[in-house]
2 protein chains.
Amino acid sequence: MASDDLENASRPLTLRDVSEASGVSEMTVSRVLRNRGDVSAATREKVLEAARALGYVPNKIAGALASQRVNLVAVIVPSLQNLVFPEVLAGISEVLDQTHFQPVYGVTNYKPEREEKVLYEMLSWRPSGVIIAGLEHSDASRAMLKSAGIPIVEIMDTDGEPIDSVVGISHRRAGREMAQAIVKQGYRKIGFLGTKMPLDHRARKRFEGFTQALAKEGIEIHDREFYEGGSALLKGREMTETILKRSPDLEFLYYSNDMIAAGGLLYCLDNDIDVPGRVGLAGFNGVELLEGLPVKLATMDACRAEIGREAARIIARRASGEEGGGEKVVLTPTIDLGATLKR
Amino acid sequence: MASDDLENASRPLTLRDVSEASGVSEMTVSRVLRNRGDVSAATREKVLEAARALGYVPNKIAGALASQRVNLVAVIVPSLQNLVFPEVLAGISEVLDQTHFQPVYGVTNYKPEREEKVLYEMLSWRPSGVIIAGLEHSDASRAMLKSAGIPIVEIMDTDGEPIDSVVGISHRRAGREMAQAIVKQGYRKIGFLGTKMPLDHRARKRFEGFTQALAKEGIEIHDREFYEGGSALLKGREMTETILKRSPDLEFLYYSNDMIAAGGLLYCLDNDIDVPGRVGLAGFNGVELLEGLPVKLATMDACRAEIGREAARIIARRASGEEGGGEKVVLTPTIDLGATLKR
DNA sequence: CTGAAAGCGCTAACAC
DNA sequence: GTGTTAGCGCTTTCAG
C-alpha cells in the first residue's frame, strides 16, 4: 500500500507494472489496452482490472515512436480572441471527435515568424495532418508544410495557391458581392472601415474585391478609416464618428468585420442618425452577437463552422490512408441584408 | 537531387540523415541542434548547414522518450467561445513564450466526462504540468491529476479544495460584494439572471454569495430567470423583457455575465427604461466589449489575463525543478460601478 | 571537443 | 490466444 503510493509518486507507471500486477505478458497487456487482436475474456479482465487499480496511463510517446503513428492533428489559427476562429475549431472538433484523431491548437497572433515557430514545434511531434488558416505563409513555413509528407488543409480563404488542399470562401468575391448589393440599393458615396491590413490578408482581399466591383460601376471609395488593436466595438464607434465628421456626405459604410460594424451601428443609433436611410451599414462574418443588436445588421456569413468540419473531414480521410490530395472546397457565403442595407 | 526529393517525400528525415550529409556523428549533430555541450564552431556550422539544406525537423517523440522530458504544458478550459478563456490563454502564452515550455490546449465543453477524456489524452503525452479550469472534477480526473507526478494548477476559482496549486478569485466573495454595492445604493427589489447553473460552478458560487449577502441585509431575491445556449446578447434581451414584464417592480438586475447584461442594457435603452434610475444593472467579467456600449455597464473584473500569467509562472517554476507545491493565489477583482449602478 | 554503446516504453512481426 | 525479439529516433552516459 504505502510502497505503492511511493512508487506512484516517484515514477510513472509502465506497461511492465501492469504486466507484473496482472501476471500477463507486456505484449498481451498492450493488446488489451488498445483493443487489438484476440485476447481471451479472462485475461482481458485481469489486465483491465490491474490497469485500473494502478491508475495506469499509457505513454503515448513510446507508443507513437514504436508504431510510427500519431493521432494528433495540428490546427493553426491567428487568434482565439476573434470569435471566428473558436467557431472554426468547434467545427473541427465536431468531426474529429468521431474519429480517433485529436486536434491540437496553435496560435500565431497574425505573425508569420510566430507561425513558423508554432508550425515547427508542432511538426516536430509528427502529427497526422495540419489544418492552417490562410494561404499566405513564409517561405520556410511553406517548405516545412510541403515536405512534411502529411495532408495539409489551408482554411478560410481560397484566393491563392494552396500547398495541398484548401477549404474556405473567396474573400475577393465576398467583397465584390457586397459592393454590388450596396450599389444596387442606390448608395453611391461609400466608405470603408477596417483593420490595418498588412496583418489580415482576408480583410485585404475583401477590400480589393470591394473596390474592384465598385470601380466597375464607375465608383471610387469615398473615404476610408483603419484601426489597430483595442476593443473592436469601441473602435467601430470612434471610427464611425471620425469618418462621418470628415465626410458628412457618406451614404454607406462597409466594415471589415461585424464587431466594428456593431460599434458603428450603436454610434448611429445613439446620435439619431437614420439607418439605413441617412447612412447604410454592412459588416462581415455573421457573428452570433449580431442577433442581440437593436437593428439587424447587414452581413455576410463566412461559413466558419462548415469550413472547420470540411477541413477535418478531409484530414480524417487522408490521414486514415485514403488516397487524395489537392482537394479544393469553395463555400459560398450568403449575404444577409438585415435592416441596414436597403433603402 | 531527384533522389533527395524522393526520399524526402517517402520518409521523414532523421538525425542520421543529417549526420551522413555533414560527415559528423549523430551524437554531435544532436548536440549542435540542441545547443548542448561544447562543439567547435567549424563542425557546428557544417551541421547547421546540412540540417537547413535538408529541411530537417527533429523528432520530438524520440527525443522525449530518450530524455524523459517534454516541454508541453496541458491547459484545459471549458470553452473557447466564451471570450473569458481565450483571455486566460493569452496570459498563459505571454509567460510561457519566455520559457522553453509550450502550452497545449484542450476543451471540455463544460462536460466532466469530456474533461476526463481530454485529461487522459493529454496526460498520456506526459506533459510537464497541467493548468485546468475549476476545482470541480470527476473522481477519476482528480485521481489522474493527483498521481500524475507533475505540477497542477487549478485556475479561475478559489472556493474549494485544490489538488495542488490554485490561482483565481473567490466567486462567492465576488457575488457578495456586488450584492453589498447594490444594497448600498438603495436598491431593494433585486432580480438575478444567469445560465442554468449545474454546468457552471463559478456562476453558481457567485449566485450563492450574492443571495447570502442579501440575506444578511434581510433581502430575498425578488425574481430570477435562467437560460441555456444561444446568443448571449439576445438571451439577455429576451430574459430582461420576460423578467421585467413578470415583475415590473424590480429595481435591479444582476446578470451572471457581461454579455447577457449588455443585452439587457440594450433592451432597456430601446424601450426607454431609465437606467439606472428606474432599474439598475450589473454584469460580471469586465469584458472588453463593454467599452463600446452606449452606457458603461457595472461589472467586476475577473482578472483573467493575470490568472493565466500567474498560473503559467507557477508551472514554469515548478516544472523547471524548483521545489514547491500547494501555492494558493487569490486575486481580488475590482468592482466597476459604471453608469448603471448608482442612483 | 567528439564518438560508441545502451536504452527510454512501447508495438510490429513473427513464433509458439 | 499468447509470448519473444527487435527496434522506432533520439539522448544519456561514459570513454577517448
Side-chain angles (χ1 to χ4, degrees), chain A residues 7 10-48 50-51 54 56-71 100 121 123-128 148-149 321, chain B residues 7 10-48 50-51 54 56-72 100 121 123-128 148-149:
Chain A
E7 283 193 1
S10 62
R11 171 179 66 70
L13 294 161
T14 69
L15 258 188
R16 166 175 236 120
D17 295 310
V18 181
S19 164
E20 284 170 2
S22 61
V24 178
S25 80
E26 281 187 50
M27 197 53 232
T28 301
V29 171
S30 168
R31 283 198 266 258
V32 171
L33 264 21
R34 288 178 300 142
N35 285 315
R36 282 284 155 67
D38 295 316
V39 179
S40 75
T43 46
R44 153 174 244 85
E45 262 323 304
K46 259 195 298 188
V47 169
L48 287 176
L54 294 174
Y56 172 70
V57 177
N59 185 333
K60 288 221 182 194
I61 297 173
L65 184 62
S67 69
Q68 304 282 62
R69 251 190 291 283
V70 177
N71 69 338
H100 68 281
E121 288 289 322
L123 287 180
S124 69
W125 287 99
R126 301 286 187 263
S128 290
Chain B
E7 283 192 4
S10 62
R11 171 179 66 72
L13 295 162
T14 69
L15 215 42
R16 168 177 234 116
D17 295 310
V18 181
S19 164
E20 285 171 2
S22 62
V24 178
S25 79
E26 281 188 49
M27 197 50 236
T28 301
V29 170
S30 169
R31 281 199 267 258
V32 170
L33 263 22
R34 288 177 300 141
N35 286 315
R36 282 282 155 68
D38 295 315
V39 180
S40 74
T43 45
R44 156 175 241 84
E45 263 322 302
K46 258 195 297 189
V47 169
L48 287 175
L54 294 174
Y56 172 70
V57 177
N59 185 333
K60 287 221 182 195
I61 298 173
L65 184 62
S67 68
Q68 304 282 69
R69 252 190 291 282
V70 178
N71 69 337
L72 266 22
H100 68 282
E121 288 290 322
L123 287 181
S124 69
W125 287 100
R126 302 285 188 265
S128 291

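These values consider heavy atoms only, across backbone and side chains, with no hydrogens, waters or symmetry-generated copies. Chain naming here is simple, since letters A, B, ... match the order of the sequence lines and numbering starts at 1 in each.
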Requested in this report: For atom CZ of R34(B), decide whether the heavy atoms of other residues, nucleotides or ligands shown that lie under 6.0 angstrom number more than 12.
Outcome: yes
Distance, rounded to the nearest Å, where [X] contributes [atom1] and [N] contributes [atom2]:
{"X": "R36(A)", "N": "dC10(C)", "atom1": "CZ", "atom2": "P", "result": "16 Å"}
{"X": "L13(B)", "N": "dG9(D)", "atom1": "CG", "atom2": "P", "result": "11 Å"}
{"X": "R11(B)", "N": "dC8(D)", "atom1": "CZ", "atom2": "P", "result": "11 Å"}
{"X": "L15(A)", "N": "dG3(D)", "atom1": "CG", "atom2": "C1'", "result": "14 Å"}
{"X": "N59(A)", "N": "dG7(C)", "atom1": "CG", "atom2": "C1'", "result": "14 Å"}
{"X": "R16(B)", "N": "dG3(C)", "atom1": "CZ", "atom2": "C1'", "result": "14 Å"}

Query raised in the report: When you match S40(A) and L65(B) each to their closest nucleotide on DNA chain D, which lands nearer the 5' end?
Result: S40(A)
Query raised in the report: Heavy atoms under 4.0 Å, any strand shown: does D38(A) hit a base, just sugar-phosphate, or nothing?
Result: base
Query - Position toward the 5' end of DNA chain C (nearest nucleotide), T43(B) or K60(A) - result: T43(B)
Query raised in the report: Distance only, no hydrogens: is a donor on one side chain within 3.5 Å (strictly under) of an acceptor on the other, for S40(B) and R44(B)?
Result: no
Looking at [X], I'd like to know whether one of its side-chain N or O atoms comes within less than 4.0 Å of OP1 or OP2 on [N].
{"X": "R69(B)", "N": "dC8(C)", "value": "no"}
{"X": "S67(B)", "N": "dC10(D)", "value": "no"}
{"X": "Q68(B)", "N": "dG9(C)", "value": "yes"}
{"X": "Y56(A)", "N": "dC10(C)", "value": "yes"}

Requested in this report: With I61(B) as reference, evaluate R126(A), K60(A), Q68(A) under the side-chain contact (heavy atoms from CB on, under 4.5 Å) test and give the passing residue.
Outcome: R126(A)
Report summary line: In numerical order, the residues of residues 21-34 of chain A whose heavy atoms come under 4.0 Å of DNA chain D are V24(A), S25(A), M27(A), T28(A), R31(A)
Would you name the heavy atoms of [X] and [Y] that are closest together and state the gap between them?
{"X": "L54(B)", "Y": "D17(B)", "answer": "CD1-O, 3.9 Å"}
{"X": "S22(B)", "Y": "V29(B)", "answer": "OG-CG2, 4.1 Å"}
{"X": "L123(A)", "Y": "V57(B)", "answer": "C-CG1, 4.1 Å"}

**Report entry** Note: R31(B)-D38(B) ion pair, threshold 4.0 Å (strictly below)
**Finding:** no
Query - Which nucleotide in dG9(D), dC1(C), dT11(C) has an atom nearest any side-chain atom of A62(B) - result: dG9(D)
